[in-house]
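Quick notes on the structure that follows.
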Amino acid sequence: MRIVIKIGTSTLAHATGHLNIRRVEEICKVISDIKNAGHEIILVSSGAIGMGVGKLALSARPTDIPTKQAAAAVGQCELMYTYDKLFGEYNHTVGQLLITGADIESEQRHHNFSNTLNRLLSLGAIPIINENDTVATEEIVIGDNDTLGAIVAGSIRADLLVLLSDIDGLYTADPRSNPNARLITNVNEVTDELYALAGGGGKQGTGGMVTKLDAARICLSCGCDMVIANGDDPQHLYDIIDGKAVGTRFAKEK
Ligand code: GLU
């Protein structure tokens with residue numbers, strides 16, 4: 001299978017903005033193993049801004065664009081250094097791709113991006129993608145990595161997109177405030193009713209449930225399945241790939 005895995009900031013970092021070492025080590029180990037089993041893996045990783053905040057010892061996530069971009073410049077290095085080191089331990093090679101909305105909108109650049117991705121895969125590398133936050137301003141921003149993950153999955157005809165987040169999946173109500181909230185395990189179509197159920201985002205990252213539903217819509221239109229799952233236990237990835245019930249799976253009725 002060709003699998004895109006999107007890792008959110010809340011999965012990678014502690015609330016302090018510093019790296020969650022145990023979690024990231026486990027994720028890289030499981031992904032390396034899945035790749036060794038013959039699957040193609042593409043990572044879409046958030047965390048540049050979050051990790052920059054930690055490394056620059058900023059008191060909170062910046063709101064102004066220059067500080068956000070500076071934090072991303074620092075954090076992206078830290079992120080790739082970490083992935084390079086951890087995947088290297090399992091003999092896997094990583095490659096970094098940073099893109100903006102303008103690279104997707106331009107047919108030529110989108111085509112170049114897909115070509116590079118496909119070539120990295122045929123060379124056996126693990127492409128690691130993030131938005132190029134150091135230059136992405138409002139006019140050209142993709143905005144969130146859930147959408148970026150879906151665009152990537154569509155561009156390279158992936159079989160599956162997995163969104164690893166700090167929630168177990170899509171619920172019938174906000175599980176943090178409503179004890180009767182139930183996890184929705186299977187979705188065939190992204191409807192307005194589902195959007196009405198989707199609440200706001202987490203504290204550290206950018207995407208919320210709405211961006212995840214947008215991503216699901218893109219995936220379903222491309223014939224790609226999508227799963228929202230909690231990134232707290234990377235071992236779940238094995239079950240997700242085996243098609244077992246974990247989190248919320250979006251798939252067209254077969
Ligand atoms: N590109 C952002 C970062 O690396 C994350 C965007 C997102 O999580 O949706 O910090």
Side-chain angles (χ1 to χ4, degrees), residues 4-20 23-24 27-28 42-58 60-84 94-104 113 126-154 161-167 198-219 226-232:
V4 180
I5 301 173
K6 181 258 173 175
I7 310 179
T9 305
S10 55
T11 299
L12 290 172
H14 290 289
T16 55
H18 291 293
L19 191 69
N20 186 330
R23 174 87 49 76
V24 176
I27 286 181
C28 291
I42 301 95
L43 281 189
V44 172
S45 180
S46 303
I49 298 175
M51 228 158 270
V53 168
K55 206 147 192 214
L56 291 167
L58 304 178
R61 198 178 162 91
T63 48
D64 68 296
I65 291 174
T67 317
K68 254 192 204 170
Q69 296 188 320
V74 171
Q76 184 65 29
C77 289
E78 174 82 353
L79 208 54
M80 286 312 295
Y81 167 75
T82 305
Y83 283 128
D84 193 26
V94 298
Q96 171 186 260
L97 295 95
L98 299 176
I99 61 164
T100 65
D103 300 315
I104 299 298
F113 167 68
I126 302 177
I128 303 185
I129 306 164
N130 196 0
E131 180 142 27
N132 191 351
D133 295 313
T134 58
V135 297
T137 51
E138 212 173 314
E139 301 75 37
I140 56 162
V141 82
I142 297 168
D144 68 87
N145 278 354
D146 298 327
T147 309
L148 178 57
I151 292 171
V152 168
L161 167 66
V162 182
L163 302 180
L164 293 181
S165 180
D166 57 355
I167 29 158
K203 274 199 215 67
Q204 282 175 286
T206 309
M209 213 26 100
V210 172
T211 61
K212 290 180 177 50
L213 291 179
D214 290 341
R217 218 172 226 179
I218 298 172
C219 282
M226 188 186 105
V227 172
I228 303 173
N230 203 319
D232 64 356

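Just so you know, ligand 1 is whichever comes first in the structure, and atom 1 is the first atom listed for that ligand.
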Self-check item: Side chain, backbone, both or neither: the part of N130 lying under 4.0 Å from ligand 1 by heavy atom
Solution: side chain
Exercise. Output the list of atoms in ligand 1 that are nearer than 4.0 Å to some heavy atom of D144, sorted by atom number.
Key: 9 (O)
Exercise. Any atoms of ligand 1 less than 4.0 Å from a non-hydrogen atom of G47? List them with their elements.
Key: 3 (C), 4 (O), 10 (O)
Quiz item: Between R61 and ligand 1, does any nitrogen or oxygen pair lie at a separation below 3.5 Å?
Solution: no
Quiz item: Less than 3.5 Å between some nitrogen or oxygen of S46 and one of ligand 1, yes or no?
Solution: yes
Practice problem: Taking the side chain as every heavy atom from C-beta outward, state whether L43 and I129 have any pair of such atoms under 4.5 Å apart. | Solution: no
Quiz item: Looking at ligand 1, does G8 have a heavy atom less than 4.0 Å from it?
Solution: no
Hey, can you pull the donor-acceptor pairs under 3.5 Å for the side chains in residues 75-82, sequence neighbours left out?
from, atom 1, to, atom 2, distance (Å)
Q76, OE1, N130, ND2, 3.1
Q76, NE2, Q96, OE1, 3.0
E78, OE1, K55, NZ, 3.1
T82, OG1, E78, O, 2.7

Self-check item: Check: L163 and M226 side chains under 4.5 Å, non-hydrogen atoms
Solution: yes
Exercise. Decide whether an N or O pair under 3.5 Å exists between G50 and ligand 1.
Key: no
Quiz item: What atoms in ligand 1 come closer than 4.0 Å to a heavy atom of I49?
Solution: 3 (C), 4 (O), 10 (O)
Self-check item: Close side-chain approach of D214 to D146, heavy-atom, < 4.5 Å
Solution: no
Exercise. Could you pull out all residues at least two apart from S165 that satisfy side-chain contact (heavy atoms from CB on, under 4.5 Å)?
Key: I167, K212
Quiz prompt | Side chain to side chain, Y83 and I7, heavy atoms closer than 4.5 Å | solution = yes
Quiz prompt | Nearest candidate to atom 9 (O) of ligand 1, where distance is taken over non-hydrogen atoms, out of L12, I142, N145 | solution = N145
Quiz prompt | Side-chain heavy atoms of N145 within contact of E131, under 4.5 Å | solution = yes
